[in-house]
There are 2 protein chains.
Amino acid sequence: MQHNAGDSASSMNEQPIGVFDSGIGGLSVVTHILKLLPRENIIYFGDTARVPYGSRSNEIVQTYAVEDAAFLTSKNVKAMVIACNTVSAVGLEKVRAAFSVPVIGVIIPGAQAAARTTKNKKVGVIGTIATIASQSYANAIRLIDPAIEVTSQPCPLFVPLAEEGWTTHKASQLIAEEYLEPLKDAKVDTLVLGCTHYPLLHDIIHKTMGAGVTLVNPGEETVRWTKDFLAQHNLLNKSGQPPRHSFYVSDLPQKFLEVGERFLGMKLENVEKIDI
Amino acid sequence: MQHNAGDSASSMNEQPIGVFDSGIGGLSVVTHILKLLPRENIIYFGDTARVPYGSRSNEIVQTYAVEDAAFLTSKNVKAMVIACNTVSAVGLEKVRAAFSVPVIGVIIPGAQAAARTTKNKKVGVIGTIATIASQSYANAIRLIDPAIEVTSQPCPLFVPLAEEGWTTHKASQLIAEEYLEPLKDAKVDTLVLGCTHYPLLHDIIHKTMGAGVTLVNPGEETVRWTKDFLAQHNLLNKSGQPPRHSFYVSDLPQKFLEVGERFLGMKLENVEKIDI
């Protein structure tokens with residue numbers, strides 16, 4: 001872990017947690033940090049100039065992810081959370097190889113929660129084209145319990161629907177029915193929402209899948225995992241100072257401010273544009 | 001116009017037409033070049049690593065547009081067509097200022113066709129958030145004929161629907177009905193399809209607007225404009241050689257090859273990835 005020679009253990013605890021995402025969606029992970037780790041300082045970076053990542057090649061996603069992470073390490077973070085499922089699926093190892101700071105992705109926490117939740121050993125996974133093509137969730141779930149049958153489905157229209165705020169529209173309902181049909185046919189009892197935008201469509205997905213299906217939010221699970229990690233490594237911030245939350249984006253902040261409040265559930269402040 | 005000292009007039013005529021777009025959609029403009037200017041060599045660049053442009057700030061779109069155009073000028077094009085409506089709306093002047101090659105955007109040709117077509121002096125314009133916010137079409141149409149009333153509407157879900165190929169889906173119909181309602185209420189008799197993706201949704205848009213509304217495709221109009229421009233400047237390729245068509249993209253070509261055939265209506269070849 002990088003820190004200056006003069007850092008004491010306590011000042012290191014006060015270093016921020018870094019969170020990055022392809023854009024706005026990672027704010028849904030920040031909401032859980034605010035709940036579960038309310039004392040922590042947070043630096044968030046959303047790559048809004050190059051979003052979305054989920055329809056791009058693994059090669060480009062990896063290149064962008066390493067650039068995003070470089071910005072966070074320049075801010076001296078004590079740990080880094082990759083909020084973006086696509087980056088966690090195809091770029092986690094590249095980021096880990098490039099930096100010495102601990103890096104936590106959303107796939108393993110999400111897969112563990114799914115394996116723990118399912119009773120009939122049938123799990124569904126939805127996500128971007130890149131996340132589903134990587135089979136990262138399916139492989140992780142089968143590693144935890146080879147008896148689990150995983151059915152995966154890319155849902156590319158869910159991101160623009162969530163960003164448009166069409167969370168209860170009849171068209172969104174029709175699109176959900178079409179995308180989720182293979183998962184209903186497979187009789188999954190657990191569904192991983194493998195993209196930061198999908199929790200915004202929770203109600204439509206829940207209604208379409210039926211009350212017997214439990215929805216797993218990997219972002220929430222990842223924040224629990226992060227809390228355990230920081231506790232185990234004696235890295236929790238115990239300073240008692242009011243936490244600082246700083247947000248950086250690569251395009252002008254206007255849309256981030258507008259749409260971001262839907263994800264964060266509160267007003268966004270301290271948003272700054274950087275060049276990446 | 002840039003050319004080497006040794007270039008004869010005839011070799012300049014054989015230089016390619018450059019076309020750039022934020023991604024795949026500009027191929028719908030290429031189809032019209034193939035029809036109207038079948039002897040011309042074409043160099044196409046699609047910025048697939050950073051698509052879409054339509055939800056980004058003007059500042060970022062301008063930066064990306066100048067980078068895209070720099071690539072085409074490095075290929076020694078005799079003229080440049082900006083296929084992307086968003087770039088034409090907010091970045092045309094920046095591109096013109098940066099390069100000496102003639103640059104043709106889609107707004108003026110589209111606006112002229114709309115002004116020529118309308119009988120009741122009520123024109124609708126649909127496009128990306130950035131294109132509509134710029135009011136470029138509305139301003140251009142009113143400049144041509146101040147008596148024309150322009151009603152504009154951003155349709156951000158149309159691009160992902162077209163890329164998913166959901167051109168006849170019931171959900172697309174519902175989305176079209178919602179987006180187009182203000183244009184029907186305004187009783188427009190002419191509708192500008194102000195985004196390269198929208199011609200793929202022609203049938204649903206036509207059905208929603210009704211048979212009395214004429215749809216204008218600015219890409220097609222722009223190619224007519226380009227043909228006139230080249231003829232007036234004695235720049236048409238008269239060599240009689242089989243034309244060369246080269247395609248460049250900034251992400252791996254796989255998706256471009258798959259989705260691109262829907263736009264081009266034929267098999268794509270000679271696609272190469274470059275770093276931008």
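Here is how names work: the chains are called A, B, and so on, in the same order as the sequence lines, proteins then strands, and each is numbered from 1. No hydrogens, no waters, no symmetry mates; every other heavy atom, side chains included, goes into these values.
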Query raised in the report: Going through the distances and angles, do A/Ile60 and B/Leu252 end up as a side-chain contact (heavy atoms from CB on, under 4.5 Å)?
Result: CA-CA 8 Å; A/Ile60 283 281; B/Leu252 294 182; 5.9 Å; no
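Contacts between A/Ile129 and chain B at a heavy-atom distance below 4.5 Å are absent for every atom of the residue. Contacts of B/Tyr64 with chain A are made by side-chain atoms alone, with heavy-atom separations under 4.5 Å and no backbone atom involved. Neither the backbone nor the side chain of A/Ser172 has a heavy atom closer than 4.5 Å to any heavy atom of chain B. Using a 4.5 Å cut-off between heavy atoms, A/Lys255 touches chain B through its side chain atoms alone. For a residue to count as touching a neighbouring chain, one of its non-hydrogen atoms must lie under 4.5 Å from one of that chain's; by this rule A/Glu178 touches chain B with the side chain only. Residue contact with chain B, scored on non-hydrogen atoms closer than 4.5 Å, is absent for A/Thr63. For A/Val51, the parts sitting under 4.5 Å from any heavy atom of chain B are the backbone and the side chain alike. Looking at B/Val61, neither its backbone nor its side chain comes within 4.5 Å of chain A, counting heavy atoms on both sides.
Atom CG of A/Asp275 is surrounded by 12 or fewer heavy atoms from other residues, nucleotides or ligands within 6.0 Å. By the 6.0 Å contact criterion, NZ on A/Lys273 is enclosed, its count of non-hydrogen atoms from other residues, nucleotides or ligands being greater than 12. The environment of CD in B/Gln254 is sparse: at most 12 heavy-atom neighbours from other residues, nucleotides or ligands sit within 6.0 Å.
At least one side-chain heavy atom of A/Ile175 sits under 4.5 Å from a side-chain heavy atom of B/Ile175. By the 4.5 Å heavy-atom criterion applied to side chains, A/Leu161 and B/Leu157 are counted as neighbours.
Of the possible donor and acceptor atoms, one in the side chain of B/Asp251 sits under 3.5 Å from a partner among the backbone N and O of A/Ser57. Formation of a donor-acceptor pair under 3.5 Å by the B/Arg56 side chain with backbone atoms of A/Thr48 is found in this model.
Note: B/His169 leads B/His169, B/Lys170, B/Glu177, B/Gln173 in heavy-atom pairs under 4.5 Å with chain A.
B/Arg50 contributes atom CZ, which lies 11.0 Å from atom CG of A/Asp47 (distance to the nearest 0.5 angstrom).
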